[in-house]
Structures are given as C-alpha cells and as structure tokens.
Amino acid sequence: MNEKSSEAYHESQLYRIRHSTAHLMAAAVLEMFPEGKIAIGPPIENGFYYDFDLPRALTPEDLEKIESRMRALIASRCDFVYQEITPEEGKALFADQPYKLELIDGILSGGVDEDGEGAATLPVSKAPTLSIYKSGTFTDLCRGPHVQNSREINPQAVKLLNVAGAYWRGDEKRPMLQRIYGTAFESPKELKEYLNWLEEVKKRDHRRLIRELDLVSFHEEAGPGLAYWHPRGAMMRKIIEDFWRDRHLEGGYDFVYTPHIGKAWLWETSGHLDFYKESMYAPMDIDGQDYYLKPMNCPFHILIYKTQLRSYRELPLRWAELGTVYRYEKSGVLHGLMRVRGFTQDDAHIICTPEQIEGEALRVLRFSLALLRAFGFEQIEAYLSTRPEKAVGEPARWEQAQESLLRAINAEGLVYQVDEGGGAFYGPKIDLKIKDALGREWQLTTIQFDFNEPERFDMTYVGEDGNEHRPYMVHRALLGSLERFFGILVEHYAGAFPVWLAPEQARVIPIADRHIDYAKQMEDALRQAHLRVSTDASSSRMNAKIREAQLMKVPYMLVIGDKEVEAGAVAVRLRSGQDMGAMPVADFIAHAEKAIAEHALE
RNA sequence: GCCCAUGUAGCUCAGUCGGUAGAGCACUUUCUUGGUAAGAAAGGGGUCAUCAGUUCAAGUCUGAUCAUGGGCUCCA
C-alpha cells in the first residue's frame with residue numbers, strides 16, 4: 001500500500017468501522033474474561049486485531065462466542081463517545097489495566113501513541129492529550145477515529161478470523177499476548193469477496209501446488225527448510241536458469257563459480273561473523289580450522305577480484321553466479337519455498353569506478369525490470385533506502401550512490417517510495433516489489449551498494465593517475481532466491497505456467513491402443529521441435545487421460561483417434577478447456593513455438 | 001527463538017467410553033478400446049511422527065523431542 005492510499009484509508013469510514021469493531025471485540029472478550037488485560041487493537045490492511053493478556057488460551061469455539069456477542073453489541077446501537085481526560089483521570093480509569101498504564105506513560109512522555117506507533121509527527125511543543133472512547137460499558141484509551149454509533153457497523157459484514165501469539169510492543173523480551181484477528185467491511189458482499197479472496201490464496205498456496213504438481217518436496221527426516229527439486233520442478237528451474245544466463249550474457253555479465261564453504265577468516269573479514277553469526281550454520285572443524293557454510297557469495301567474488309592488480313581500464317566488472325547459500329533461519333520462520341535454509345541467489349557483483357556508478361545503476365535497474373517483465377510481472381514499484389544514522393563509508397559516496405539510484409528510478413519512470421535512513425549500515429539500496437495475480441506484493445530485486453566490504457577486503461584498482469583507488473561495489477539479486485521466486489511463480493500462475501516455463505508443454509492422448517503408434521510419432525515430431533512432451537499410453541479412457549493432464553495443468557493436450565490418424569492431424573485441446581480442433585502437427589508446432597517465443601500464458 | 005494448534009496409508013480424512021486400525025482418491029493386476037475433466041472389479045499398502053511414562057491393555061491419557069500450520073520477533 002503506498003502512502004497516499006494509506007492516508008486515505010486512515011480517514012475512511014472503513015477504517016472507523018474496523019477500529020470500532022475492534023473495540024466491540026475487546027468489550028466482548030472482557031465480558032467473557034472480566035479479569036482479562038487489554039493491550040492495543042488497531043485497524044490493519046485487511047481488517048483489525050486486538051491483543052489480550054488472558055488467563056487461558058482462546059479456542060476456535062471462544063471466537064464464535066465472541067463473535068456472536070459482538071453482534072449483540074452492534075445491535076445495541078451504542079454511541080462511541082469521545083472524551084479528553086487528564087493524566088490523573090487516565091491512571092485512575094485504567095488502574096487495573098497495566099498495558100494501558102504503560103501506554104499512558106508513553107503518550108505523556110511524547111514517545112508513542114496508543115497504537116504503539118511513534119508520535120514524531122505531532123508538534124513537540126503541543127502537550128500530549130489523552131483521550132478515551134466509550135461504547136456501552138466499554139472504555140478504551142484511544143485517539144480514534146470511530147463511528148458515531150454502532151449502527152454504522154453491519155453485523156453481517158464482520159468476521160473473526162484467527163488467534164495468534166504476539167509480543168507486547170512487538171518485543172520478544174516482553175510478554176506474549178493473544179491476538180485475535182478479525183475483519184469488517186461496509187457490506188456483507190465485500191466481506192464475502194474478501195473471504196473468497198482468502199480462499200483463492202489458499203488454493204494457490206505453493207506448498208500444496210508443488211506437491212500436487214510433483215515439483216518440489218521437503219523432508220522432515222533430512223532437515224527442515226531444504227528443498228528437493230523433482231524432475232518437473234528441476235526442468236522449470238533449468239529453464240529459468242538458462243533464460244537467466246542468456247540474459248546475463250546479453251547484459252554484459254561474466255560468470256563465476258565459487259565454493260560452498262570457507263574458513264572463518266572470510267567471514268571475520270567480511271564482518272558476517274560479527275553481525276550474523278546467529279543465523280549462520282555452525283562451523284565444522286577441518287584440520288583444526290573452522291569452516292563455515294557460506295551465507296553470502298560476495299567474499300568469494302572479492303577473492304577472485306584480488307587475484308590480480310586491477311586497472312580502471314577493465315572496470316566495470318560484472319560477475320554473476322547462481323550461488324547456493326545456507327542460512328540458519330529460526331525454526332518458526334520457515335515457510336515452504338518462501339523462507340528456507342538453503343537457497344540459490346541469482347547473485348552478481350558489479351565492481352566499478354565512481355564515474356561509472358551512474359551508468360551502472362541505470363543499467364542494472366533496467367536489466368532487472370526487463371527480467372521481471374519476462375516472467376509476467378508487470379506491476380513493479382521501487383523502494384529507495386537511504387543512509388541510516390550509523391553507517392560506514394564517506395557521506396559523499398552515499399550521496400553519489402543515492403542520487404544515481406534515484407536518477408535511475410526516474411529515468412525508468414517507476415513509482416517509488418523513499419525510506420529515509422532505511423538503508424543497511426554499509427550502503428543505500430533499491431528494492432523492487434512486484435504485484436502478483438492476487439494483488440499481493442513480493443520483494444524480488446535488491447540492488448545494494450556496499451561501502452564496507454571493499455574496505456575490509458582492501459579492494460583497489462589502479463586509476464588513470466597511476467594511484468590506487470577504492471572501487472565501488474554493488475550487490476544485486478534480481479529474482480532474489482530461485483526457491484522463493486519459484487514459489488512466487490507457482491502462486492502467481494496458480495500452477496498453470498506460461499508455455500515457455502511449463503515442465504510438460506504437451507501431452508499426447510491416444511483414444512484407443514491402436515492409436516498409440518501414431519501418437520508416438522506425434523510425440524517424436526514434437527520432441528524434435530524441442531517441445532517438452534509425453535504420451536499417455538495407459539489403459540485409461542480418454543476422459544480420464546484428459547482429466548489427468550488437466551490436473552497437471554499441461555498447456556496442450558493432443559487427442560489422437562481414428563480421424564486424426566486418417567487425416568494425419570492432431571486434435572488440440574487447451575487446458576482452458578478450449579477445443580482448437582484438428583490441425584496438421586506442423587501447424588500445432590508453429591502455434592506452440594509462437595506461444596513460447598511470446599512467453600504467452602495460453 | 002516465542003505463543004497457540006496440528007501430526008493415522010503416497011494424498012484428503014474418519015476412528016465413539018482406552019480393548020492390538022478404516023474410507024475415498026492414488027498404486028498393482030485383470031476386464032474394458034472409448035471422442036474432450038474420473039469405465040469396472042480384485043489386490044497390495046499403516047511400529048497411528050519419534051522416544052519415554054501411566055495402565056491388564058494406548059492411535060486414544062501424560063511428558064519430552066521432531067516436524068508442520070497460524071502469528072510474533074528476525075530476514076546480510
């Protein structure tokens with residue numbers, strides 16, 4: 001969500017409805033648990049939540065009770081009454097609500113508001129005001145806004161969704177609270193649409209589809225977060241990698257290959273052991289030396305750089321590698337292919353002179369956009385993250401790098417947001433986020449300047465003046481990780497991949513056994529045309545064969561019966577259900593080749 | 001890592017009060033040879049996640065561990 005629509009949302013009736021529904025939910029929960037403690041309960045993107053500290057864990061049955069109690073509260077047509085209070089009144093009012101008391105202290109000291117958000121936007125001179133909203137017997141510390149009366153909430157457009165744990169103030173050292181997520185809309189129809197959308201999300205879940213389509217598996221007994229690519233998945237990955245390599249050759253990149261492990265020295269020098277030791281796999285002792293599985297490829301590329309004295313004449317260097325790295329992600333964060341412990345970055349490092357930065361920034365951005373679009377992602381937004389308080393590298397270099405990135409964004413006419421101070425300590429970056437078919441955002445590309453490692457590894461080049469200079473280094477991963485990108489592709493296309501990516505592009509379906517010979521001839525003709533094809537020679541009926549191919553989302557089904565054998569044709573059926581009728585196999589091949597070349601969905 | 005929930009056949013699930021396991025799909029075989037999303041029959045398949053404990057008896061009760069899911073925190 002961009003800032004403008006976020007602002008509009010904050011002022012919308014929908015926002016007030018959700019905020020007020022959250023209050024009613026808290027009221028209902030307190031009716032069930034009079035001794036319960038309430039924390040915060042803001043509207044969020046698709047609904048709202050409220051955090052509670054309760055004597056026992058909530059069950060799904062509790063949610064139903066809470067929800068029906070909420071409907072009764074809505075029906076009571078209570079007013080939401082705003083009132084400003086003094087600090088003393090506040091402390092008295094919430095004497096038995098410790099979380100609220102903490103919020104009051106926060107507000108009075110000007111630090112945070114009742115949603116736990118920074119109040120930096122408020123003028124410092126203005127004394128913070130405490131306010132409450134009363135609805136029925138329930139009173140909450142709250143800035144609002146709310147609906148005037150609960151009759152503005154449609155009880156049929158409200159639904160509680162799930163319970164989850166959440167740390168108080170998002171701090172893992174503070175108590176774990178119970179968070180109830182719910183949603184509310186202006187009309188039951190909109191609620192229904194949202195619930196349908198959730199269903200669609202479920203249907204496209206890559207964890208289900210990678211199993212159903214026989215693409216990738218995980219194995220509890222062999223280690224969580226480590227993906228196994230089956231032949232169909234591996235075929236797709238090969239196609240993605242081949243395409244990626246071809247594009248990189250065209251884009252002026254060279255390729256390198258580097259090891260998977262390295263001595264502690266590498267990671268001490270790079271600084272990774274200082275900052276990320278917790279999320280690196282533990283070292284293994286080899287001949288008395290600590291070796292680590294690599295969490296990054298960059299130190300290896302730097303070692304290659306340092307094998308020679310480098311001249312400004314050979315820069316820029318663009319070195320790419322599909323480098324597999326291992327990171328010890330915390331157990332609770334693993335999620336299918338989206339968050340794994342072993343993954344392959346489509347990594348590259350661009351090493352260049354200060355003068356070349358401008359051109360390289362634009363070049364790599366343009367390159368990434370073309371790559372993402374080739375995979376069918378058209379909606380792309382940029383996020384520029386700039387220098388944080390604590391940072392390494394000369395401010396002038398930061399300035400230059402940030403300006404180069406911004407000019408590149410503008411040159412490409414991208415919609416963008418700036419995250420001031422949001423960069424890593426070692427350099428500014430551009431991230432690109434795409435929107436998938438369900439409107440969900442995914443960050444894929446990251447383009448990061450690094451003022452740290454060239455220094456730590458003492459990278460140099462000899463300039464025109466004969467002196468040593470420090471080069472600029474840019475890390476970039478465009479697809480991110482192949483595993484995650486693959487998962488996103490699966491969800492974006494719901495498993496029905498464009499023909500050029502489909503692991504099996506065509507399936508030949510003989511109607512009876514006497515058609516098998518001819519079917520095999522057709523299969524062979526397609527294979528000679530470099531199509532990925534198989535023949536279903538099983539004893540199933542044609543209907544079953546079609547269903548099977550359909551479930552595997554094979555783009556083309558070529559049905560072969562007496563008529564086709566006689567006419568020397570194939571009857572083409574698309575997975576959309578469309579019957580293209582019979583045509584000579586050469587015509588079909590031409591049709592398929594066109595769809596492949598155009599990266600068509602079909 | 002933290003909170004909560006879950007773990008029974010390859011998949012989706014049932015299994016009552018504790019009495020040594022069941023369905024559909026898938027798989028194998030046989031019959032069937034058919035015109036655009038499931039032809040029929042028979043058969044094989046389970047240390048009920050793992051390890052302890054309670055009990056005459058544990059899929060079922062208890063504990064620990066592992067994994068998965070929903071979130072939180074994190075994400076170079």
Side-chain angles (χ1 to χ4, degrees), chain A residues 49 51 53-54 56-60 161-181 202 205 207-208 211-212 214 217-225 267 270-280 294-299 325 327-336 338-341 343 345 347 424-427 429 443 446 448 450 452-453 475 477 480-481 484 509-516 538-552 557-564 571-575 577-582:
Chain A
Y49 66 80
D51 286 347
D53 190 350
L54 301 174
R56 67 166 174 84
L58 292 167
T59 64
L161 298 169
N162 57 327
V163 195
Y167 298 113
W168 167 235
R169 303 312 266 291
D171 184 343
E172 59 184 327
K173 293 182 193 70
R174 316 279 321 252
M176 178 65 74
L177 306 175
Q178 297 193 67
R179 172 172 298 177
I180 303 178
Y181 283 96
K202 234 178 177 175
D205 190 325
R207 291 166 300 181
R208 169 213 297 262
R211 186 180 58 238
E212 289 177 356
D214 195 16
S217 60
F218 290 91
H219 298 271
E220 174 184 340
E221 63 276 35
W267 316 110
S270 70
H272 287 110
L273 273 177
D274 285 343
F275 289 98
Y276 303 110
K277 191 170 201 293
E278 295 304 301
S279 41
M280 287 172 67
K294 68 173 168 184
M296 290 282 274
N297 301 302
C298 34
V325 298
R327 297 179 184 177
Y328 181 78
E329 303 283 3
K330 288 181 188 173
S331 60
V333 306
L334 298 176
H335 182 88
M338 301 305 189
R339 193 81 178 265
V340 288
R341 285 184 174 164
F343 57 97
Q345 292 180 310
D347 207 359
F425 72 90
Y426 52 80
K429 64 169 180 175
Q443 190 210 306
T446 183
Q448 308 191 349
D450 187 342
N452 186 45
E453 284 188 297
H475 308 255
S481 100
R484 182 162 170 278
I509 297 177
I511 290 176
D513 285 357
R514 64 176 177 281
H515 307 124
I516 289 179
S538 71
S539 66
S540 305
R541 296 183 58 204
M542 181 204 64
N543 291 290
K545 292 179 183 179
I546 285 175
R547 179 181 151 80
E548 176 69 17
Q550 193 77 46
L551 289 174
M552 294 305 280
M557 286 156 253
L558 308 182
V559 178
I560 305 295
D562 290 335
K563 286 185 276 182
E564 285 71 30
V572 180
R573 180 192 206 274
L574 304 182
R575 66 188 156 193
Q578 188 195 334
D579 186 351
M580 293 181 67

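Below, each value reflects all heavy atoms present in this structure, side chains not excepted, and no hydrogens, waters or symmetry copies. Sequence lines set the chain letters: A, B, ... in the order given, protein chains first and strands last, and positions in each chain run from 1.
Closest contact between the side chain of A/Arg339 and the listed nucleotides B/U33, B/G70, B/C75 involves B/C75.
Every residue two or more places apart in sequence or in another chain that forms a side chain to side chain contact (heavy atoms under 4.5 Å, CB included) with A/Arg341 is listed here: A/Pro224, A/Leu226, A/Tyr281, A/Tyr328, A/Glu329, A/Ser331, A/Leu334. The side-chain hydrogen bond (donor to acceptor under 3.5 Å, both in side chains) check on A/Lys429 picks up A/Asp431, with sequence neighbours excluded. When the side-chain hydrogen bond (donor to acceptor under 3.5 Å, both in side chains) test is applied to A/Arg573, the partners found at least two apart in sequence or on another chain are A/Gln550. Partners of A/Asn452 according to the side chain to side chain contact (heavy atoms under 4.5 Å, CB included) rule, which considers only residues two or more places apart in sequence or in another chain, are A/Val392, A/Phe425, A/Tyr426, A/Asp450, A/Arg456. Every residue two or more places apart in sequence or in another chain that forms a salt bridge (Lys or Arg N to Asp or Glu O under 4.0 Å) with A/Asp562 is listed here: A/Arg514. Shown here are the side chain to side chain contact (heavy atoms under 4.5 Å, CB included) partners of A/Ala582, two or more places apart in sequence or in another chain: A/Glu564, A/Ala569. Residues passing the side-chain hydrogen bond (donor to acceptor under 3.5 Å, both in side chains) test with A/Glu548, sequence neighbours excluded: none.
One C1' atom belongs to B/G10, the other to B/C56, and the distance between them is 37 Å to the nearest Å. For the C1' atoms, the distance linking B/C75 with B/C25 amounts to 40 Å, nearest Å.
Here A/Pro224 lies in heavy-atom contact (under 4.0 Å) with sugar-phosphate atoms only. A/Asp562 comes within contact range of at least one nucleobase, with a heavy-atom separation under 4.0 Å. Residue contacts shown for A/Arg327 include a base, since a base heavy atom lies under 4.0 Å away. Using a 4.0 Å heavy-atom distance criterion, A/Leu161 is classed as making no nucleic acid contact. When heavy atoms are screened at a 4.0 angstrom cut-off, A/Lys563 is found touching base atoms of the nucleic acid. A/His515 comes within 4.0 angstrom of no nucleic acid atom, judged by non-hydrogen atoms across all strands. As judged by a 4.0 angstrom heavy-atom cut-off over every strand, A/Ser279 is placed among the base-contacting residues. Counting non-hydrogen atoms under 4.0 angstrom, A/Gly170 reaches the backbone sugars and phosphates but no base. Within 4.0 Å of A/Tyr426, counting heavy atoms only, lie sugar-phosphate atoms of the nucleic acid but no base atom.
In the model, A/Gln345 has a side-chain atom that pairs as donor or acceptor with a side-chain atom of A/Asn297 under 3.5 Å. Under the 3.5 Å distance criterion, with hydrogens and angles disregarded, a donor-acceptor pair is assigned to the side chains of A/Tyr181 and A/Arg179.
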Checklist entry - What one-letter contact string describes nucleotides 36-42 of chain B from 5' to 3', where B marks a base within less than 4.0 Å of any protein heavy atom, S marks contact via sugar-phosphate atoms alone, and - marks no contact? => result BBBB---

Checklist outcome for this item: Reading nucleotides 1-6 of chain B from 5' to 3' and marking B where a protein heavy atom lies under 4.0 Å of the base, S where only the sugar-phosphate is that close, and - otherwise, the string is BBBS--

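No more than 12 heavy atoms of other residues, nucleotides or ligands shown are found within 6.0 angstrom of CD on A/Glu278.
One can place NZ of A/Lys294 at 18 Å from P of B/A76, the figure rounded to the nearest angstrom. With rounding to whole Å, A/Asp205 atom CG is found 12 Å from B/G70 atom C1'.
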Anything under 3.5 Å between a protein N or O and an N or O of nucleotides 10-13 of chain B, put it in a table, one pair a line.
{"from": "B/C11", "atom 1": "O3'", "to": "A/Arg211", "atom 2": "NH2", "distance (Å)": "3.4"}
{"from": "B/U12", "atom 1": "OP1", "to": "A/Arg211", "atom 2": "NH2", "distance (Å)": "3.0"}

Extract from the structure each pairing of a protein N or O with an N or O of nucleotides 47-52 of chain B at less than 3.5 Å, listing the distance.
none

Checklist entry - Please, what dot-bracket string fits RNA chain B when only Watson-Crick and G-U pairs with both distances under 3.5 Å count, crossing ones use [ ] and pairs to another strand use |? => result (((((((..((((.....[..)))).(((((.......))))).....(((((..]....))))))))))))....

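Looking at A/Gln178, its side chain does come within 3.5 Å of a backbone N or O of A/Leu58 through a donor-acceptor pair.
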